[in-house]
Amino acid sequence: MIRMRKFAAALLAASAVLLATPPTASATPTPHRPLFRETFERLPLGPVTAGHGWTSDTSHGSLTVEPSATGHGRELRLHTEGNGRAFLVLDDLAPAGNSFWARLRLRVDAFPTAPNWAHWTLAEASGSDAPTLVRPLGGQYVPTEKANFWGVGSDLGPTGDWTAWRTSAPATAGRWSCVEFHLDATDNRVTVYLDGVERPELTVSTEEHGGTADDFVFPAFDRLKLGWQLYQADPTPTSYDLRMDDVALSTRRVGGCAA
């Protein structure tokens with residue numbers, strides 16, 4: 001009888017331990033939610049100035065939701081005249097650690113061929129605490145090569161106005177690309193991926209960039225603009241069209257660009 005009582009007591013104690021044990025790592029994890037997602041599927045066809053979580057910034061430009069060129073779904077067309085601009089704008093960003101990933105699909109119908117060194121931007125991140133503009137997606141027409149090349153850039157900060165274009169990263173018009181960039185505040189690093197492949201030649205960081213000898217330092221990001229701006233007057237061609245789809249921002253890499 002004494003042995004049975006001891007066994008029952010041991011069994012009761014083991015049960016209590018099991019009930020008190022917290023869930024293990026094998027429990028279902030909390031789903032990760034992106035900071036922003038837009039596929040343009042729920043927007044009406046036609047001119048648009050805002051969507052869920054975004055507004056626009058235009059000068060001699062417009063945004064229009066159109067049927068996809070593939071015949072499935074919808075996409076955003078951004079049109080500019082001359083050196084105008086047309087951007088989808090995300091305000092009130094507050095990414096953890098001042099770092100985030102972005103992924104978008106885009107197609108530029110034509111890049112500039114004049115004037116020499118014509119400079120264009122497709123993404124610009126900024127913060128109200130500092131004037132520095134960080135341009136993770138952009139590029140320049142290089143007359144000595146008679147071609148456009150991708151390049152990360154910045155303006156209005158201590159490192160000046162620069163675009164670190166690379167001839168190993170040609171910008172091709174008339175085709176869709178899946179583009180990603182990572183802004184990592186731990187060393188003010190910008191990393192770019194084209195069609196799922198990292199392009200290390202486009203990476204810039206605190207001490208390695210295209211500006212002055214000063215450190216390149218991120219502002220506290222609260223705004224991101226995605227679209228098109230050309231800075232020089234009287235360009236060739238005289239107008240530009242950028243098509244954009246499947247935009248996502250996250251504190252983790254979104255992916256989905258691999259062939």
Taking side chain as C-beta onward, heavy atoms only, is Thr163 less than 4.5 Å from Val152?
no
Show the nearest heavy-atom pair for residues Pro115 and Ala233, with the distance to one decimal.
CD-O, 4.2 Å
Are side-chain N/O atoms of Trp54 and Glu38 paired as donor and acceptor at under 3.5 Å?
yes
Side-chain heavy-atom pair Asn83, Tyr231 within 4.5 angstrom cut-off
no
Ala220 backbone acceptor or donor facing Asp129 side chain under 3.5 Å
yes
Run the salt-bridge test on Arg243 and Glu66 with the 4.0 Å N-O cut-off and return the result as yes or no.
yes
I'd like to know whether the aromatic ring centres of Trp228 and Trp120 sit less than 6.0 Å apart in this structure.
yes
Looking at Leu133, is its backbone amide N or carbonyl O close enough to the side chain of Ser126 to form a donor-acceptor pair, meaning the two atoms are under 3.5 Å apart?
no
So, His209 side chain and Asp214 main chain: donor-acceptor pair closer than 3.5 Å or not?
yes
Quick one: does any side-chain atom of Asp245 pair with a main-chain N or O of Phe40 as donor and acceptor, under 3.5 Å?
no
Taking Thr159 for its side chain and Thr212 for its backbone only, find out whether a donor-acceptor pair lies under 3.5 Å.
no
Can you tell me if CD on Glu41 sees more than 12 non-hydrogen neighbours from other groups inside 6.0 Å?
yes
Ignoring hydrogens and angles, tell me if any N or O in the side chain of Arg107 forms a donor-acceptor pair with the backbone of Leu242 under 3.5 Å.
no
Contact between Glu180 and Val254 at the side-chain level, heavy atoms closer than 4.5 Å - yes or no?
no
Heavy-atom nearest pair, Val89 first then Ser56, reads CG2-C, 3.9 Å
Identify the heavy atoms of Ser239 and His79 that sit nearest to each other, and give their distance.
CB-CE1, 3.8 Å
State whether Phe218 and Arg189 meet the cation-pi test: NZ (Lys) or CZ (Arg) under 6.0 Å from the six-membered ring centroid, and within 45° of the perpendicular axis.
no
Show the nearest heavy-atom pair for residues Pro237 and Pro112, with the distance to one decimal.
CD-CA, 4.2 Å
Does the ring center of Trp165 lie less than 6.0 Å from the ring center of Tyr141?
no
Is the backbone of Trp117 close enough, under 3.5 Å, to the side chain of Gln140 for a donor and an acceptor to pair up by distance?
yes
One thing to verify: whether Asp92 and Arg223 come together as a salt bridge, which I'm taking to mean a side-chain N less than 4.0 angstrom from a carboxylate O.
no
I'd like to know if Asp195 and Arg105 make a salt bridge, using a cut-off of under 4.0 Å between side-chain N and carboxylate O.
no
So, the side chain of Asp184 versus the backbone of Thr186: is there a donor-acceptor pair under 3.5 Å, distance only?
yes
Do Asp222 and Ser128 pair up side chain to side chain, a donor and an acceptor below 3.5 Å, judged on atom types alone?
yes
Check: Glu201/Ser168 side-chain N/O donor and acceptor closer than 3.5 Å
yes
Phe100 and Leu183: CA distance, side-chain angles, deciding distance, side chain to side chain contact (heavy atoms under 4.5 Å, CB included) verdict
CA-CA 5 Å; Phe100 64 92; Leu183 302 182; 3.5 Å; yes
